[in-house]
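Okay, so here's the structure we're looking at.
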Amino acid sequence: MYFKLIKLSIFAIYRQLILLVMNISFTKKQEIYINKQVETGDYQNNSEVIRDALRLHEIYREKVITDLRNEIEKGWSSESSDRSIADIIAAKKAAYAKK
């Protein structure tokens, strides 16, 4: 009985330690890209490519959010403008059209 209890406890711990397995669908283009990354030797398998991509995405997303927060704070801290929203949009459209 004692041995069986220990075996069940070890099994429960083992189940918590195993990696989460997910099924993810990729486009053909993404699949080709992932396979090429593994073929270069920089990654040992597809999972490493995906984990690295997610890590980089997390860094990128945090930077975008931080930059947006900084811009919002800059806007709230600046002086009021006499321009209307329509004026600002028109100016942006004109600037974009010149490109």
If hydrophobic clusters are built from ILVMFWY residues whose side chains come within less than 4.5 Å, do V49 and I24 share one? yes
Would you say CG of L56 has more than 12 non-hydrogen atoms from neighbouring residues, nucleotides or ligands within 6.0 angstrom? yes
With sequence neighbours left out, the residues meeting side chain to side chain contact (heavy atoms under 4.5 Å, CB included) with N45 are S47, E48, R51
Any side-chain heavy-atom pair of Y60 and V64 under 4.5 Å: yes
Salt bridge or not between R55 and E58? Use side-chain N to carboxylate O under 4.0 Å. no
Member of N46, I32, I50 meeting the side-chain contact (heavy atoms from CB on, under 4.5 Å) criterion with F26: I50
Please report the interatomic distance OG1(T66) to CZ(R61), rounded to the nearest 0.5 Å. 11.0 Å
CD1 of I88 to OG of S81: how many Å apart, nearest 0.5 Å? 5.0 Å
To the nearest 0.5 Å, atom CD of E39 lies from atom CD1 of I34 at 12.0 Å
Sole residue of K36, E31, Q37 in side-chain contact (heavy atoms from CB on, under 4.5 Å) with Y33: Q37
Could you report the tightest heavy-atom contact between Q30 and T27, atom names first, then the distance? OE1-N, 2.8 Å
